[in-house]
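So the structure is just underneath, and the comments pick up after that.
Each chain gets a letter, A, B and so on, in the order its sequence line appears, and its residues count up from 1.
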Amino acid sequence: MKQRLNCILLIDDSEADNYLDTMVAEETEVADEVVAIERPVDALDYLKTKKDGEYPKPALIFLDINMPGMTGWEFPEVYETLDTDQQGKVIVVMLTTTLNPNDEARAKDSPSIKGFERKPLTHEGLQTIVKEYFPDRI
Amino acid sequence: MSTDPKLLSAILEAAPIAMVMIDREGEIALVNTETEKLFGYPRNELLGQPVEILVPDRFRAAHPGHRGSFFATPTARRMGIGRDLYARRKDNSEFPVEIGLNPVETGEGVFVLSAIADITERKQAEEKFRLVVESAPNAMVMVNQHGEIVLVNSETERCFGYPRADLLGQSIEMLVPTRFRENHPGYRHDYFNHLVTRSMGAGRDLFGLHKDGSEFPVEIGLNPIRTQEGTLVLSSIIDISERKQAEQALQDRSDELARSNAELEQFAYLASHDLQEPLRTVTSFVDVLQRDSHQMRSEKVGTSLRFISNAATRMSELITGLLEYSRVGREGQQVIVDCNTMVNAIQEDLSHIISESRATLNVEELPQLKGCEPELRMLVQNLIINAIKFRTKDTDPSIRIVARQEQRYWQISIHDNGIGIAPEHQNRIFDIFQRLHTKQEYEGTGIGLAHCRKIVHAHGGKIWVDSYVGKGSAFHFTLPC
């Protein structure tokens, strides 16, 4: 029996994208819980807030780049200042429509960003990511 | 040792220049045929006459004195070093000469033999050279081996601000800026050791020093000129300030072009990204519907269709916004715009939003400005709409529009009591497609303020914001009077 991820966190300002990605993530059945948050600041609050005595520590975070207020580039900077028990063993994957060559170089400088995935999220794409980063889970 | 007069006479006759021998009293003792030709006197009219008959009237009085001092210490030398010498013909005409003096001992005592060369042609050549230098369009400065200025033209006076008299005899370094002065004599000596026609300071930027202390960029050509006084160097100096300015202007323009190209590239990237986003949403939901519609709950189908419809509307808004944005400054017919009338019209157009949001507008007396009316209207309207849109949840929007006249422009400010903008976001709100809020919080294309900035820039003004989070914002823009 596969061991599912505890939680997938989607951070995207687009309600439509969140709706679709949540649908895909739920249908793929790789996580117990899928949480979609539109504003990066709310996502940080979510990570910092204990629920039933524990931080959520989502196994997988999908982060959009072009977001109002705080971009996907600024998010990891703040994210990395969180206590490690709030970060957990989380893998941050940037989810973007167009990959600017500058963006890729910038992402490599950020230790939290582990990989890229093109929008829209697909069932196959999500399964590949889980296999790659959580080989013991599948 | 004495000299045989016959032998002496034979030697004089063979000489190609005029030779005159005088005795201690200054009387002419011997002349050759060249002397007769040069001065126009037959020999018999010269012999026994004082040598002063060959001297122009104006120098005649001083001549016996010079003569006396030569006889006092007779050594072979040139006459009148440093002075221009002239001789007089029988017909009273003058001509420039160069004279060599040689004491000659004879049985009858010491005589002086003068060799007189007519240098009219050389003087004419020199004069021609001087005229050429004088009429040159560049500053021309000639220096000797000691670096002393021996010749300048009037362009030099104009270029460096010194009258000629203040330059002649001075060190050339006076025209070199202080910071280069130390190295200059070294360069100068190197040049005198390798005399070739070339430009000065290959690869270096050269500057001249004006009398008023200012510096100007120059280009300098060097030409060695060999003369009887030794080698001289003629420098041709061109003030290239204008060229440098033109080069700078060209550089500025190409920098500006590169900047605007980079902006355009970024714009294309952002525009394609923001335009693709709703399109991708449509495609994604259509895919979902195609794949799953037969087993989907009607609620999910409805949601998908709502997203598709919203995305299409958004796409249309983006395209309209981009089109308007790209038109700024293109069809701007400049007219006098009465801002009071304009703001009244905007208030009428927005009456629905204003009453719905319970906003109050307090508009002070506004100026008349020159500009493109539809653009100025779009500018002010966008700012008013923003002031209403970004209101706090619990306070009715209150907007105040004021104008203030500065020296050369009007500043118009639109104050609101809305949510305000955090300092870290204030500089990017005018960039296109920059949004601070999700579409769910505040609807928008991210074009509005970029559009405002483009309009203000097209009118030669500036736009900025003062804002405090939770207290409100004041958008200011300036337009020339």
Answer yes or no: are there more than 12 heavy-atom neighbours, outside B/Arg306 itself, under 6.0 Å from its atom CZ? yes
Please check if atom CD in A/Glu54 has more than 12 non-hydrogen atoms from other residues, nucleotides or ligands closer than 6.0 Å. no
Restricting to ring-ring contact (aromatic ring centres under 6.0 Å, His included), what partner residues turn up for A/Tyr55, sequence neighbours left out? none
Is it the case that more than 12 heavy atoms not belonging to B/Arg253 sit under 6.0 Å from its CZ atom? no
Could you please state which residues from residues 315-325 of chain B sit under 4.5 angstrom from chain A, measuring non-hydrogen atom to non-hydrogen atom, sorted by number, or 'none'? none
Residue pair A/Asn18 / A/Asp12: nearest heavy atoms and the distance that separates them: ND2-O, 2.8 Å
Parallel, tilted or perpendicular, as decided by the 30° and 60° cut-offs, for the rings of B/Phe433 and B/Phe267: parallel
